[in-house]
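Please read the structure below before turning to the comments.
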Amino acid sequence: MAKTQLNVRVDEGTARAARERATARGMSVNRYIEELVRQDAGEIGHTFVEAASDFMKQYEAVFVEEFGAEREGGARETGAHEAGTREAGTREGRR
């Protein structure tokens, strides 16, 4: 693929950060900036979905404990009802 030169002016702090982060990742500043632009241009959505999936896997047990295992016939409605019932019971206990 043909390359085009792009000159960008940034303050010294930004330039230093770019150099440090590129070095930490084992790549040139040019490649680092190129990767950032690619991510911003569309790949970042994929990264978000992967992160959300990892989060759900990590906290699945917490969600199951709070809302119950997914069941046929509207587990979400049942979970919401149970949560509301628990909340009402807590309020009743305070009276």
Side-chain angles (χ1 to χ4, degrees):
M1 170 164 64
K3 297 280 186 170
T4 300
Q5 184 171 343
L6 178 66
N7 295 314
V8 180
R9 292 185 185 272
V10 296
D11 63 66
E12 185 55 40
T14 301
R16 187 177 328 106
R19 284 188 215 100
E20 290 171 0
R21 291 171 189 254
T23 299
R25 287 170 174 77
M27 60 177 66
S28 68
V29 173
N30 186 69
R31 176 67 188 251
Y32 175 67
I33 301 296
E34 189 175 9
E35 291 295 319
L36 288 177
V37 171
R38 284 187 181 156
Q39 287 174 2
D40 190 49
E43 294 176 19
I44 203 159
H46 179 71
T47 302
F48 172 79
V49 170
E50 284 181 352
S53 176
D54 290 344
F55 174 84
M56 290 303 293
K57 287 175 189 171
Q58 183 176 358
Y59 291 99
E60 179 180 12
V62 175
F63 283 96
V64 169
E65 182 180 322
E66 179 67 24
F67 301 107
E70 198 171 296
R71 297 178 295 250
E72 289 185 68
R76 289 184 184 141
E77 291 175 19
T78 302
H81 173 72
E82 289 171 358
T85 303
R86 279 195 308 268
E87 177 68 22
T90 303
R91 283 194 301 259
E92 289 295 321
R94 283 187 240 150
R95 289 185 184 165

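Counting begins at 1 with the first residue of the sequence.
Every side-chain contact (heavy atoms from CB on, under 4.5 Å) that V10 has, sequence neighbours left out, goes to V8, T14, A15. Residues passing the ring pair (Phe, Tyr, Trp, His ring centres under 6.0 Å) test with Y59, sequence neighbours excluded: F55. Partners of K3 under the salt bridge (Lys or Arg N to Asp or Glu O under 4.0 Å) rule, at least two apart in sequence or in another chain, are E34. Under the salt bridge (Lys or Arg N to Asp or Glu O under 4.0 Å) criterion, E12 pairs with R19, not counting sequence neighbours. Evaluation of the side chain to side chain donor-acceptor pair (under 3.5 Å) rule for Q5 yields N7 as partners, not counting sequence neighbours.
By the criterion of side-chain heavy atoms lying less than 4.5 angstrom apart, applied directly or through intervening Ile, Leu, Val, Met, Phe, Trp or Tyr residues, M56 is grouped together with V62 in one hydrophobic cluster.
Sorted by first then second residue, the salt bridge (charged side-chain N to carboxylate O under 4.0 Å, His left out) pairs that include residues 52-65, not counting sequence neighbours, number zero. Within the structure, side chain to side chain donor-acceptor pair (under 3.5 Å) contacts touching residues 22-33 (residues at least two apart or in different chains) are R31-E35.
The two residues A18 and I33 make their nearest non-hydrogen contact at CB-CD1, 4.5 Å.
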